[in-house]
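Nothing fancy with the numbering, it's 1 onward along the sequence. Since the structure is predicted, the reported quantities are computational estimates derived from the model, not experimental observations.
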Amino acid sequence: MSKNKILLISGPSGCGKSSMLDNLFKDITNYYFSISTTTRDKRDGEKEAVDYHFVTKDQFEKDIKDGNFLEWAKVHENYYGTSLKPIEHALSLGKLVVFDIDVQGFKIVQEKMGDMITSVFVSTPTIRELENRLIKRGKDDKQTIQKRVKMASNELKWICKYDYHIINEDLQTASNKLLQIYKDMMKL
Ligand code: 5GP
């Protein structure tokens, strides 16, 4: 099995993953972005079935019981999970599947589908810079930002397990690097 079936991207909340993926998706075709399911509150500007499937805790726990997730994790006290069926469908159509999931999810998907995955960890140049970006983004309260920063320090320990590490200092440069990784994995 070749490593060009799944592109998995992780990195602390606020490191710029979503913007980098938005840029990538302007340049590529024949991909499926895995829209995760979450119990966290919708942020301003987020849309159902575009950013996430937003569900209640009861619904999420039922989906766990029913075996609907390829992987799921509790991140910042909320559930996040990847539904299995759409992934299987996209892979059967020969599409590149793109995941944006945390390190816990990475570990599980890596165990289950490691030979199909190219993995990329995105970080800010420093933790202080991450904190500044979260404050600037203005979407989380002070306490949540502190939790996310603490969490990020733990996540950084996993960088060495990924195939690539991109330091997002400048969005355009980081996006170009991600596009190059895509081209390398697809042998373009
Ligand atoms: P946010 O709340 O900022 O959208 O996401 C918080 C964290 O949850 C990010 O690190 C993101 O990559 C991760 N995440 C999003 N969806 C999933 C998922 O389906 N599974 C796992 N394990 N993590 C996810």
Side-chain angles (χ1 to χ4, degrees), residues 3-38 40 42-54 69-73 75-76 78 80-84 86-87 89-91 93-110 113 116-125 129-130 133-134 136-137 139-140 148 151-152 155-156 158-159 161-188:
K3 284 170 80 80
N4 65 356
K5 306 280 182 206
I6 296 172
L7 176 63
L8 186 154
I9 182 162
S10 297
S13 192
C15 70
K17 276 172 304 179
S18 304
S19 307
M20 288 167 61
L21 285 174
D22 286 346
N23 285 340
L24 179 71
F25 295 152
K26 287 179 197 149
D27 288 322
I28 72 173
T29 53
N30 204 29
Y31 70 89
Y32 169 75
F33 175 63
S34 167
I35 300 165
S36 299
T37 301
T38 186
R40 87 147 157 71
K42 211 188 272 179
R43 293 190 190 122
D44 282 351
E46 284 186 333
K47 291 193 182 85
E48 164 63 29
V50 174
D51 299 285
Y52 284 104
H53 298 290
F54 295 94
F69 291 120
L70 167 65
E71 64 75 37
W72 63 270
V75 188
H76 313 302
N78 287 304
Y80 293 81
T82 305
S83 296
L84 184 57
I87 305 297
H89 182 62
L91 288 172
L93 295 176
K95 294 190 179 191
L96 170 75
V97 173
V98 183
F99 289 118
D100 168 356
I101 59 177
D102 84 324
V103 293
Q104 303 173 74
F106 164 66
K107 282 181 247 174
I108 296 167
V109 179
Q110 180 72 14
M113 309 169 114
M116 299 166 77
I117 298 171
T118 295
S119 57
V120 182
F121 192 96
V122 179
S123 72
T124 48
E129 172 64 16
L130 178 71
R133 285 190 200 175
L134 288 171
K136 235 179 172 177
R137 184 165 82 174
K139 293 195 173 172
D140 299 298
R148 286 182 186 271
M151 178 99 181
E155 286 184 336
L156 290 173
W158 286 88
I159 288 179
K161 302 283 180 199
Y162 285 73
D163 296 318
Y164 298 93
H165 175 204
I166 298 177
I167 299 173
N168 180 11
E169 192 157 17
D170 167 71
L171 178 60
Q172 197 50 55
T173 311
S175 301
N176 291 345
K177 283 185 184 159
L178 186 60
L179 180 61
Q180 191 54 52
I181 290 168
Y182 165 81
K183 285 181 178 169
D184 288 348
M185 73 183 276
M186 303 308 278
K187 300 188 174 55
L188 296 174

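The side-chain contact (heavy atoms from CB on, under 4.5 Å) with P125 is formed by just one residue from the set N168, L130, I167; it is I167. Here the rule is side-chain contact (heavy atoms from CB on, under 4.5 Å) with V97, and of L91, T82, L7 only L91 fits it.
A distance-only check finds a donor-acceptor pair linking the side chain of E48 to the backbone of F54 [under 3.5 Å]. A donor-acceptor pair is defined here as one N or O able to donate and one able to accept, closer than 3.5 Å; such a pair exists between the side chain of K17 and the backbone of G11. Looking at D163, its side chain does come within 3.5 Å of a backbone N or O of S119 through a donor-acceptor pair.
By the 4.5 Å heavy-atom criterion applied to side chains, V103 and K161 are not counted as neighbours. Looking at heavy atoms from C-beta onward, D100 lies in side-chain contact with L21 at the 4.5 angstrom threshold. Inter-residue side-chain proximity for V109 and L8 is flagged as met; some heavy-atom pair is nearer than 4.5 Å. In this structure, L70 and I108 have side chains that are not in contact, with every pair of non-hydrogen atoms separated by 4.5 Å or more. Using a 4.5 Å cut-off on side-chain heavy atoms (C-beta onward), I9 and I101 make no contact. Taking 4.5 Å as the limit, every side-chain heavy atom of I6 sits out of range of all side-chain heavy atoms of T118. The shortest distance between side-chain heavy atoms of K107 and W158 falls below 4.5 Å. Contact check for S175 versus L24: no side-chain heavy atoms found under the 4.5 Å cut-off.
The structure places SG of C15 at 11.5 Å from CD of E129, a figure rounded to the nearest 0.5 Å. Taken from OG1 in T38 to NE2 in H53, the straight-line distance is 11.5 Å, to the nearest 0.5 Å. Remark: T124 OG1 to R133 CZ distance equals 5.5 Å, nearest 0.5 Å. Atom NZ of K95 sits about 6.0 Å away from atom CG of N30, to the nearest 0.5 Å. Interatomic distance, Y162 OH to I117 CD1, rounded to the nearest 0.5 Å: 9.5 Å. A distance of 8.5 Å separates OG of S13 from CD of E155, quoted to the nearest 0.5 Å.
The aromatic rings of H165 and F121 sit perpendicular, their planes meeting at an angle over 60°, well past the 30° parallel limit.
Across all non-hydrogen atoms, the minimal contact from I35 to A49 is CD1-O, 3.2 Å. Looking at every heavy atom in both residues, A90 comes nearest to Y32 through CB-CB, 3.5 Å. The two atoms that bring Y182 and L96 nearest to each other are CE1-CD2, 3.6 Å, heavy atoms only.
By the ring pair (Phe, Tyr, Trp, His ring centres under 6.0 Å) test, Y31 is found to be paired with F25, residues two or more places apart in sequence or in another chain being considered.
Salt-bridge annotation for R40 and E46: present, with a side-chain N of the basic residue lying under 4.0 Å from a carboxylate O of the acidic one. Salt-bridge check for D184 with K187: failed, with every basic side-chain N at 4.0 Å or more from each acidic carboxylate O. The residues K139 and D44 are annotated as not salt-bridged, no charged nitrogen and carboxylate oxygen being separated by less than 4.0 angstrom.
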Stepwise ring-ring contact (aromatic ring centres under 6.0 Å, His included) test for F106 and F99:
CA-CA 9 Å; F106 164 66; F99 289 118; over 10 Å; no
Set out, in order, the CA-CA distance, both residues' side-chain angles and the distance that settles side-chain contact (heavy atoms from CB on, under 4.5 Å) for R43 and D140, then state yes or no.
CA-CA 9 Å; R43 293 190 190 122; D140 299 298; 4.0 Å; yes
Any chance you could lay out the side-chain contact (heavy atoms from CB on, under 4.5 Å) test for S83 and T37, step after step, and finish with the verdict?
CA-CA 7 Å; S83 296; T37 301; 3.9 Å; yes
Worked verdict on Q104 versus D102 for side-chain hydrogen bond (donor to acceptor under 3.5 Å, both in side chains):
CA-CA 6 Å; Q104 303 173 74; D102 84 324; 2.9 Å; yes
How far apart are the C-alpha atoms of Q180 and N176, what are their side-chain angles, what is the distance that settles it, and do they pass the side-chain hydrogen bond (donor to acceptor under 3.5 Å, both in side chains) test?
CA-CA 6 Å; Q180 191 54 52; N176 291 345; over 6 Å; no
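In this structure, the ring of Y52 has its center less than 6.0 angstrom from the ring center of Y80.
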